[in-house]
K.L.:
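I have a structure here, written as structure tokens, and I will follow up with some questions on it.
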Amino acid sequence: MAMDKTFDAKTAEARIYEMWENAGAFKAGANASRDETFCIQLPPPNVTGHLHVGHAFNHTLMDILTRWKRMQGYDTLWQPGLDHAGIATQLMVEKELAATGQPKRTELGREKFLEKVWEWKGDKGGVIEQQARRLGDSMDWSRSAFTMSGAESAPEGEKPGNFHDAVLKVFVQMYNDGLIYRGKRLVNWDPHFETAISDLEVENIEVDGHMWHFKYPLAGGETYEYVEKDEDGNVTLRETRDYISIATTRPETMLGDGAVAVNPKDERYAPIVGKLCEIPVGPKAQRRLIPIITDPYPDMDFGSGAVKITGAHDFNDYEVAKRGNIPMYSLMDTKGAMRADGKPYVEEAATAQAIANGEQKFDEAMIAAMNMVPEEYRGLDRFEARKKVVEDITSEGNAIMHDVTRTEKDEDGNKVEVTETVPFVEAKKIMQPFGDRSKVVIEPALTDQWFVDTAKIVGPALDAVREGRTKIMPESGEKVFYHWLENIEPWCISRQLWWGHQIPVWYGHPVHEINWATDKRLRTEPGANVDHTSFDFVAFCAPTFEQAQEQALEYYRIKGIASPETVIEIEAAPTRESYPMGWAPDNIELWRDPDVLDTWFSSGLWPFGTLGWPEDNDAMKYFPGDVLITGQDILFFWVARMMMMSQAVLKEDPFHTVYLHQLVRDAKGEKMSKTKGNVIDPLDMINEYGADALRFSNAQMAALGGVLKISEDRIKGYRNFGTKLWNAFSFADHYEIAYPGDAARPTATQTLNKWIIGETGKVREEVDAALESYRFNDAANALYAFTWGKVCDWYLEFSKPILQGEDATAKAETEQTLRWVLDQCLILLHPIMPFITEELWGLADSRAKMLVHADWPTYTAAELVDADADREMNWVIDLIDNTRSARAQSHVPAGAKVPLVVTGLDAKGQSAWDNNHVLIQRLARIESLTAVDAFPKGCVTIPMEGGTFGLPLADLIDVPEEIARLEKTLQKLAKELGGLRGRLGNPKFVASAPEEVVAEAKENLALREGEEAQIKAAIARLKEIG
RNA sequence: GGGUGAUUAGCUCAGUUGGUAGAGCGCUUCCUUUACACGGAAGAUGUCGGGAGUUCGAGCCUCUCAUCACCCA
């Protein structure tokens, strides 16, 4: 049966994939013939995700390695799975609810909403797993993991799994080890999602902003001499001021100022340090006075050199406020609007003033409860509040003014200059933090959150890289890794979301005093500001309520006298006032922390959570895994955290190699974005050119550390490569070469067969060496050059005369060799191009195994290369190349057969000719060879080692053109000769260069000199007739 | 401001301990010759960003400048 003209990727790929999957070809341990394991953990895509070019790229690399190792007989596992992706998924489901007119999340309530999310996951989640199959990914789908599997909210019938157990176990263990704590800290707050997010989820983007300059009047109308000096100490400005000038980009936060700070070295403000100044906003009667303090933070050269300190709304100010024990007033609610809760401003301001005056003690909780927003601003959005604050300050005359002159036309059309005094507002580029999901401006907010004390667990991860236990590729990644880990900040792991692992902590009222005799009901301290996020409650951390209950009974010291029934779980209250006060032994109420964990906390456990841990599980043999392949953008998000968590929990590194790649860009190197419209969908590429072409293109561009630019032209080129391979089989078909399959390597006697077998040995070594060092591009290029450049261009051409010839022995040997070589191409190409190779493999009469499980060869170049055959075939190729080149440049018609003459042919040359003249004559279109003493007139010269060949073209050649051709060659040669002679003439080179380099140069020189002589002689002859 | 990387053929990029530059695409010419026009044959194009240094020898190592990209403030 004749083969189709080309490989029909569209229908074949689906069929082949199904065949593999049905055969269980990708199952953990499939085809294993040795004990060593090889395991890759897929970076879990979001459950909401779709396959994009970045996935396609790194999946290709992972699949290449997995298929390669599987063929080598390793016990392989490529572990797939999905990430529940807290914010992204919650957002998507909320959008869906809105789009379909269903009740909102908050209307549904937590339980119902989570049902919806699971429902959505069941319907639409995991699309990407189907898409990954299109790429040919050989993951063990039967083991697909999900980071929320086993969660309390999971519905019946949801795939089994215990990731939730792993998460809770780790949380509890780390809590008990003191690695996780709760605290009030300034965190990045996302006003859209109303949750805290980690530093890494914040994108700082430069935007156009403004810098306002305001006067903070000194208390009691005090004045001072304000003096400015230039670099040489000359006075440039001297004036009496009754204010201090403050520059700010965020006027709305002035309401929460706790102090004004100046640099201790700043002489300009030395006279007023320690005095009080007035925040120039809010009701005139309750203007707050705040102290002027010193701190190293203010930069004397920036703005006025004085900085307002708003500890609850700026990260730098927060540090200053902590150092100076300055109160930090929170001004905004969870949506980023000015707070509307708390006491009337008059009362709050009075308390604040008492604090500023040092008359009133304060603590965190007290400050947190105070609302320093005057009534007129309460409830305003933060940006509206900014506008109003600026207007109010300006109208009161506390804005710094300056003169601006502009040109206008008067009534008569004459140009006149108009000078106006206007508020001094600088237009300025400012770095503004945005949520990477919500795209809204992030607000630093003082809230109670859970943190991982990263400083305590970072050590082993750093050591792993420092000591080489974990290798980061490319190496530059290591520097970045050190830099970040050495300066690591606490990791905020609580999120005010619903979709995620709920924090396994229950709170109860603390025992402040016990008086069993008089009061059965013990109360919390009167007036304490408490909420479920406060230290004023006592926390019980346990994986289940039952275990928390045990702890509670212990804590309240009533074990034995009260039964578990008296300790009950209630819902966490929305506000602190809603909690019942105190507790009684017969009614102890516990409520669970409503927050969930950062998604990355669970994905940090991916290397072992997927393998069934903490259950004792056979799959744990795949831990630690081998190599992690992922985008460099999640080095910190994920890679570093997996390393820290694996060490913290299991005291082992999760993998020995981290392969980082860059973002995949379009052909021009630009980021792909929907708005730019330059998004390449890998599925489109697969539909158009087949998965193999896309995969080959991916492998080919995977140079370590390289920029990844995906180009459709390239993919097309590799589709063509697939067709070329296809046609090599079609060639065998055409010559009716038997294809029994799985035949042993023939023992070759024919030079060309010996040669191609040797070349196969070389390429196998190249491919293995490349893959072992993750140089996928080298592996791909070596195979491309071998298959196309060696096998198709030369070997198949060389084989034609034998296949058509009469020598039955030679023919049989060549047929077997050809089949063997083509099979080797299939095996070696399979990890990169699995589909077309499996299809071609199936053309054989019989196969012991599918190609996906074929044995990877181990032969070496040393074993297979026959040096004589190698030399001879290369000589033949050279002669053909040179002859073709001479013909083309002499305009000999491509089809014409011409005679060839030779002079000075030595024994080696003679034998090479004799052995291969049929090939040479066929491929170079030579009629005959005649040995001559001297070339006839008008002969084109082809210099070769072991003899000078010539094409006697007589009148056909254009003498001046031929002379020009030869002189050009001579010029090139002269350049090379110059270099060689220069080097060899330099005594220092001969003395200091390695011997083999010198020997090589000498040999090269002799060769080139011979060529030069031949060409010079040829030019001389031509000149005779010219 | 700090860090990392890049700068090589018209384009996109390789180039592994320093030994005298390659691939794919594109381009030019020729060829529909019995595997393949998703093909074959031939060909052109580079002071390897600028400058300096180390070395017998530098695309590669060192310094410096320029431009660009990304990450972190």
Side-chain angles (χ1 to χ4, degrees), chain A residues 2-3 5-7 199-200 202-204 299 315-316 431 433 474-480 482-484 487 632-633 635-636 662-663 665-671 689-690 693 697 700-735 769-770 773 775 777-778 780-781 784-785 788-789 792-793 796-797 799-800 804 880-881 884-895 922-925 975-976 978-980 982-994 996-998 1000-1001 1004:
Chain A
M3 287 172 65
K5 204 163 153 58
T6 55
F7 175 58
D199 298 344
L200 291 173
V202 175
E203 288 173 350
N204 288 295
D299 178 350
F315 285 95
N316 291 313
M431 291 304 283
E475 226 173 300
S476 60
E478 296 189 355
K479 288 186 195 167
V480 182
Y482 293 141
H483 186 256
W484 189 70
N487 300 293
Q632 61 167 23
D633 52 328
L635 176 62
F636 307 134
Q662 299 204 6
L663 190 76
R665 298 150 184 285
D666 74 1
K668 289 179 192 151
E670 290 186 30
K671 278 190 188 178
Y689 304 108
S697 163
Q700 200 281 335
M701 70 176 173
L704 265 173
V707 177
L708 304 175
K709 297 182 190 175
I710 191 167
S711 132
E712 188 167 345
D713 278 344
R714 268 201 183 233
I715 298 171
K716 194 171 163 184
Y718 295 120
R719 186 269 321 262
N720 295 354
F721 173 64
T723 306
K724 188 75 180 175
L725 179 69
W726 184 263
N727 276 309
F729 279 78
S730 182
F731 173 97
D733 217 32
H734 178 84
Y735 284 90
S773 45
R775 286 181 282 109
N777 55 324
D778 285 352
N781 286 335
Y784 186 99
W788 199 317
C792 293
D793 284 351
L796 295 188
E797 293 301 331
S799 71
K800 282 179 186 172
Q804 293 163 341
I880 295 168
D881 268 347
R884 281 171 171 173
S885 184
R887 285 174 60 118
Q889 290 186 37
S890 310
H891 308 296
V892 176
R922 184 188 179 103
L923 296 181
R925 302 214 152 236
K975 205 176 149 191
E976 216 172 323
L980 287 165
R983 275 201 281 165
L984 287 166
N986 184 337
K988 281 189 181 168
F989 170 72
V990 182
S992 35
E996 62 269 24
V997 173
V998 178
E1000 199 191 316
N1004 227 330

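Quick caveat: nothing in here was measured; it's all calculated off a predicted structure. What you see below is based on every heavy atom in this structure, not just the backbone, and it leaves out hydrogens, waters and symmetry mates.
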K.L.:
Looking only at atom C1', what distance separates B:U32 and B:C38, rounded to whole Å?
P.N.:
15 Å

K.L.:
Examine distances only and state if a side-chain atom of A:R884 and a backbone atom of A:L923 form a donor-acceptor pair shorter than 3.5 Å.
P.N.:
yes

K.L.:
The criterion is side-chain hydrogen bond (donor to acceptor under 3.5 Å, both in side chains); which residues satisfy it with A:N720, sequence neighbours excluded?
P.N.:
none

K.L.:
Please state the C1' separation for the pair B:U55 and B:A14 - nearest whole angstrom.
P.N.:
26 Å

K.L.:
In whole angstrom, give me the gap between the P atoms of B:U29 and B:C71.
P.N.:
46 Å

K.L.:
With rounding to the closest Å, how many angstrom separate the P atoms on B:C61 and B:A6?
P.N.:
9 Å

K.L.:
Going by atom types only, do A:Y784 and A:Q700 share a side-chain donor-acceptor pair under 3.5 Å?
P.N.:
no

K.L.:
Please identify each residue that fulfils side chain to side chain contact (heavy atoms under 4.5 Å, CB included) with A:T6, with sequence neighbours left out.
P.N.:
A:T723

K.L.:
Would you measure the distance from the P atom in B:G3 across to the matching atom in B:G19 and give it in whole Å?
P.N.:
31 Å

K.L.:
Mind checking the C1' distance from B:U45 to B:G22? Whole angstroms is fine.
P.N.:
14 Å

K.L.:
Which residues pass the side-chain hydrogen bond (donor to acceptor under 3.5 Å, both in side chains) test with A:Y718, sequence neighbours left out?
P.N.:
none

K.L.:
Have a look at A:D713 and say if it touches a base, only the backbone sugar-phosphate, or nothing, with a 4.0 Å heavy-atom cut-off.
P.N.:
sugar-phosphate

K.L.:
Apply side-chain hydrogen bond (donor to acceptor under 3.5 Å, both in side chains) to A:D778 and list each qualifying residue two or more places apart in sequence or on a separate chain.
P.N.:
A:R775

K.L.:
How many whole angstroms separate atom CZ of A:F315 from atom P of B:A73?
P.N.:
10 Å

K.L.:
Name the stems that RNA chain B belongs to, where each is three or more consecutive Watson-Crick or G-U pairs with both distances under 3.5 Å?
P.N.:
B:1-7 with B:66-72, B:10-13 with B:22-25, B:27-31 with B:39-43, B:49-53 with B:61-65

K.L.:
What is the distance from CG of A:L980 to P of B:G57, rounded to the nearest Å?
P.N.:
16 Å

K.L.:
I'd like to check the salt bridge (charged side-chain N to carboxylate O under 4.0 Å, His left out) partners of A:K800; sequence neighbours left out, ordered by chain and number.
P.N.:
A:E797

K.L.:
Tell me the interatomic distance from A:L984, atom CG, to B:G57, atom C1', rounded to whole angstroms.
P.N.:
12 Å

K.L.:
Checking A:D793 now: which residues fulfil side chain to side chain contact (heavy atoms under 4.5 Å, CB included) with it, not counting sequence neighbours?
P.N.:
A:W788

K.L.:
Could you pull out all residues at least two apart from A:A886 that satisfy side chain to side chain contact (heavy atoms under 4.5 Å, CB included)?
P.N.:
A:V940, A:I942, A:L951, A:R965

K.L.:
Could you run through nucleotides 32-43 of chain B and give me one letter per nucleotide, 5' to 3': B if any protein heavy atom sits under 4.0 Å from the base, S if only the sugar-phosphate is that close, - if neither?
P.N.:
--SBBSBSSSSS

K.L.:
Grab the CG-P distance between A:N781 and B:A14 for me, whole Å please.
P.N.:
11 Å

K.L.:
Which value, in whole Å, describes the distance between the P atoms of nucleotides B:G59 and B:G51?
P.N.:
13 Å

K.L.:
Can you sort out the partners of A:N316 under side chain to side chain contact (heavy atoms under 4.5 Å, CB included), two or more places apart, ordered by chain and number?
P.N.:
A:Y297, A:D314

K.L.:
Taking only residues two or more places apart in sequence, or in another chain, which ones meet A:K988 in a side-chain hydrogen bond (donor to acceptor under 3.5 Å, both in side chains)?
P.N.:
none

K.L.:
To check you understand the geometry: which heavy-atom pair defines the closest contact between A:M3 and A:D733, and what is its length?
P.N.:
N-OD2, 3.4 Å

K.L.:
N/O contacts under 3.5 Å, protein versus nucleotides 19-22 of chain B?
P.N.:
unit_1, atom_1, unit_2, atom_2, d
B:U20, O4, A:R983, NE, 2.9

K.L.:
Please report the distance separating the P of B:G15 from the corresponding atom of B:A9, rounded so that it comes out in whole Å.
P.N.:
15 Å

